[in-house]
Structure formats: C-alpha cells, structure tokens
Amino acid sequence: MPELPEVETVKKGLIKNVIGKTLQDIEINTEKLRYPLDKASFESLKNKTIRDIHRRGKHLIIFLEDNLQLIVHLGMSGVVKINPTDSYQKIKHDHIVITLNDNLSIIYNDPRKFGYWLINTNSKPLEHKVLITHGVEPLTDDFNAEYLLIKLSKTTRKIKQTIMDNSIVVGAGNIYASEALFDSKILPTRPSNTITKKEASKLVVSIKEILIKAIAEGGTTLKDYKNTEGKPGYFTQQLNVYGRAKQNCYTCNTEIESLVIAQRNTFFCRKCQK
DNA sequence: CTATCCACCTGGCGGC
DNA sequence: TGCCGCCAGGTGGATA
C-alpha cells in the first residue's frame with residue numbers, strides 16, 4: 001500500500017488528532033507482524049504522552065515522552081485508523097489497539113502483516129537499523145540533480161530500480177516510480193549510468209512534483225489504503241501509467257506496456273518515454 | 001555489484 | 001457457487 005504520500009497522509013491525520021494524548025491501554029492481538037510484537041515492552045509505554053509525529057521515508061516515528069519512540073512501517077496493507085473509543089468495534093486484522101485518553105483510539109489493521117511497530121529507547125530513532133540506511137528525503141534540497149547524477153553514474157541497474165532504492169532516495173515505491181519516469185519521459189529499463197544530466201534534473205523535479213501532488217490528494221488507493229479517517233486517496237484518478245497496461249496513453253494514444261523489473265510490475269509508454 | 005528467485009501473509013479477482 | 005492460480009502501495013535474504 002503505502003508509499004511516501006500515503007504515510008505522509010497518515011502522519012497528518014495523527015498529528016491533527018493525537019498530539020498531547022496519553023496512551024492508556026495497548027492491546028496486542030497478534031504475536032507477529034514482520035518483527036515480533038513484544039507485549040511486555042508495549043506495557044512499558046502505558047501512561048506515556050505522544051509528543052510529536054515524524055515521517056522518514058515510508059516510516060512513521062511517534063515520539064513519546066521519556067525518549068521513547070514507536071517506529072512504524074505499514075508494509076503493503078497496513079492501515080492506521082483513529083476512532084472514538086466508545087464506538088470502536090474490532091474487525092479482523094486489528095492487530096494493535098491503542099486506547100488514548102479523550103475517548104480516542106489508534107487502531108493498526110494489517111491483513112498481510114508485512115508492517116511493523118518497533119519500540120526505540122535510545123532517543124536517536126534515525127540511528128535505528130531500519131532508518132540508518134535511508135538515503136535522502138525526496139522533498140528536501142538534499143535530493144537534487146547533482147546528488148542523483150552521482151548515484152546514477154555508479155550503477156548499471158535499470159533506472160526504475162535505482163529510484164526505488166531507499167538507500168539512495170526514500171519514499172518512491174512501485175506506483176510513483178512508474179509515474180515519475182513517465183513524467184520524465186525516461187524508459188524504466190534505461191541503465192542508470194546512461195541518464196543524462198538534463199534527464200536527471202527532470203527526474204528529480206518529476207519525483208518531487210508527483211509526490212507533492214499525491215500528498216495533496218491524500219495518496220493513492222488501489223485496494224485497501226485508507227487514511228486515519230477511513231477515507232481513500234484520490235491520486236488514483238491521476239495515474240498516467242500505473243495499472244494501465246493495454247490501455248491507451250492519455251498523451252499519445254499508444255498502448256501502455258508492462259514489464260517486470262526487479263520482481264515488480266512496471267508500466268510505461270514506449271512512445272512518450274525514451 | 002548484478003540479476004533472479006524466494007519468503008513473509010492474506011484477500012480479491014478472473015477463469016473455468 | 002466453488003476451487004485455483006495469480007496478483008498486490010514493501011523489503012530482505014540467498015544464490016549464481
């Protein structure tokens with residue numbers, strides 16, 4: 001499900017509703033997400049207050065008092081909901097239910113269980129093993145043509161795979177990688193080290209613009225992604241190539257093709273992209 | 001370093 | 001209606 005815009009949307013929902021609230025009860029309903037959930041450790045979070053919520057790549061960092069953080073990844077199918085506690089009714093795959101004061105609950109639902117919630121206690125969450133390997137944030141000035149070009153020059157991997165490599169730039173997943181390459185008029189199969197400076201500049205702009213537009217639309221819902229209010233993302237309506245194999249390109253009417261790159265289905269227009 | 005395959009897990013969809 | 005294979009917004013590990 002969730003690439004950067006979806007995680008950012010969840011972050012906004014949480015910030016709006018749960019900052020300053022206190023964790024009164026934590027219910028763990030599954031033994032294992034991607035990493036095991038240690039019930040005893042979660043007990044230690046009781047009565048802690050939520051201070052802030054950050055996003056790093058596709059991770060949420062929930063800052064609690066006393067240098068505690070929850071580092072959260074939504075995997076492929078994770079959904080975070082905020083519900084009034086008194087009207088909450090548990091549904092299948094509600095793995096974590098955090099009851100806050102003020103009649104609010106945070107519910108983590110994840111059918112495929114590829115997500116994870118990790119407790120970090122060292123006050124430096126960015127040094128945690130799941131975050132330390134992250135490359136630059138795409139929506140900062142650290143992600144620019146010079147930076148990208150240097151990274152691209154060092155590898156022959158297909159460009160799509162490189163822009164999805166979180167150690168280079170975080171946040172672009174399978175949807176937005178295809179969309180950004182279409183916007184940049186670059187074929188996803190191009191060896192990274194053949195991308196020109198001009199193309200790299202365009203690609204940087206395209207990635208930023210597409211992520212920003214997607215955030216503005218609340219993300220992309222293909223199947224089960226929902227924001228904290230249970231609403232879908234509307235960027236789905238603006239997808240130019242993703243999921244459109246054998247349909248006509250909106251720009252040139254050529255049939256959109258699909259191809260598996262690094263085990264991920266990839267969509268492109270052979271005429272618009274070179 | 002690269003490409004490739006597999007695993008984790010569940011559910012939805014199309015085909016028969 | 002039912003079963004079966006295939007596919008899915010992510011990531012990491014094994015292998016050649």
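In what follows, chains are A, B, ... by sequence order, proteins preceding strands, each numbered from 1. Computed from a predicted model, the values in this text were never measured in an experiment.
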Check for a donor-acceptor pair, side chain of A:N103 on one end and backbone N or O of A:T85 on the other, with a separation under 3.5 Å.
yes
So, taking the atom named CZ in A:R264 and the one named CG in A:L259, what distance separates them when rounded to the nearest 0.5 Å?
13.5 Å
Validation row: A:S77, A:F114 side chains within 4.5 angstrom (heavy atoms)
no
Within the 4.0 Å heavy-atom criterion, would you say A:K92 contacts the bases, only the backbone, or no part of the nucleic acid?
sugar-phosphate
Specify whether A:Y176 and A:F235 have parallel, tilted or perpendicular ring planes, treating 30° as the upper limit for parallel and 60° as the lower limit for perpendicular.
tilted
Is A:T155 near enough to B:dT2 that one of its side-chain N or O atoms lies under 4.0 angstrom from OP1 or OP2?
yes
Pick the nucleotide of DNA chain C nearest each of A:T221 and A:Y35; which residue has the one closer to the 5' end?
A:T221
Roughly, in whole Å, what's the span from CD1 in A:I71 to C1' in C:dG10?
17 Å
Spacing of A:D165 atom CG relative to C:dT11 atom C1', expressed in whole Å:
11 Å
Looking only at atom C1', what distance separates C:dA8 and B:dA3, rounded to whole Å?
22 Å
So, does A:H73 get its side chain near the phosphate of C:dG10, meaning an N or O under 4.0 Å from OP1 or OP2?
no
Can you find a side chain N or O atom of A:N174 that sits less than 4.0 Å from OP1 or OP2 on C:dA8?
no
Can you check the A:I261 CD1 to C:dG10 C1' distance for me, whole Å?
17 Å
Please classify the nucleic acid contact of A:E179 as base, sugar-phosphate, or nothing, using heavy-atom distances under 4.0 Å.
nothing
Dot-bracket assigned to DNA chain B with the 3.5 Å Watson-Crick/G-U criterion, [ ] for crossing and | for other-strand pairs, is .|||||||.|||||||
Considering only NZ, NE, NH1 and NH2 on the basic side and carboxylate oxygens on the acidic side, decide whether A:D165 and A:R157 come within less than 4.0 Å.
yes
Within this structure, what is the CE-to-C1' distance between A:M76 and B:dC9, rounded to whole angstrom?
11 Å
Sticking with atom P, work out how far B:dC6 lies from C:dC6, rounded to a whole angstrom.
12 Å
Could you give the CG-to-C1' distance, from A:L118 to C:dG10, as a whole number of Å?
15 Å
A:H59 side chain N/O closer than 4.0 Å to the phosphate oxygens (OP1, OP2) of C:dG10?
no
Cationic tip of A:R244 above A:Y250 ring, under 6.0 Å, 45° of axis
yes
Select base, sugar-phosphate, or nothing to describe what A:N265 touches, counting heavy atoms under 4.0 Å on all strands.
sugar-phosphate
Protein-nucleotide distance (A:R34, atom CZ; B:dT10, atom P), rounded to Å:
15 Å
Going by 5.5 Å between centroids and 30° between planes, is there a stack of A:F114 over C:dT11?
no
Within this structure, what is the CG-to-P distance between A:L74 and C:dT11, rounded to whole angstrom?
10 Å
Reckon A:R264 touches a base, only the sugar-phosphate, or nothing at all at heavy-atom distances under 4.0 Å?
base
Of all the nucleotides listed (B:dC5, B:dT2, B:dC9), which has the minimum atom distance to the side chain of A:R157?
B:dT2
Among B:dG11, C:dT11, C:dA8, the one nearest any side-chain atom of A:K58 is C:dT11
Between A:K158 and B:dT2, does any side-chain N or O lie under 4.0 Å from OP1 or OP2?
no
Is there side-chain contact between A:N166 and A:T133, with heavy atoms separated by less than 4.5 Å?
no
Establish, with yes or no, whether the OP1 or OP2 oxygen of B:dA3 is under 4.0 angstrom from a side-chain nitrogen or oxygen of A:Q161.
yes
Checking all strands, does A:K223 fall into the base, sugar-phosphate, or nothing category for heavy-atom contacts under 4.0 angstrom?
base
Is the A:H59-A:Y116 ring centre distance short of 6.0 angstrom?
yes
Quick check with a 6.0 Å cut-off and a 45 degree axis cone: is A:K129 positioned over the face of A:Y35's six-membered ring?
yes
For the pair made of NE2 in A:H134 and P in C:dG12, what is the distance, rounded to whole Å?
9 Å
With the side chain defined as heavy atoms from C-beta on, A:Y242 is closest, among B:dT2, C:dA8, B:dG11, to C:dA8
Touch class at under 4.0 angstrom, heavy-atom based, for A:K32 against every strand present:
nothing
Closest-nucleotide 5' rank along DNA chain B - winner of A:P111 and A:K154
A:K154
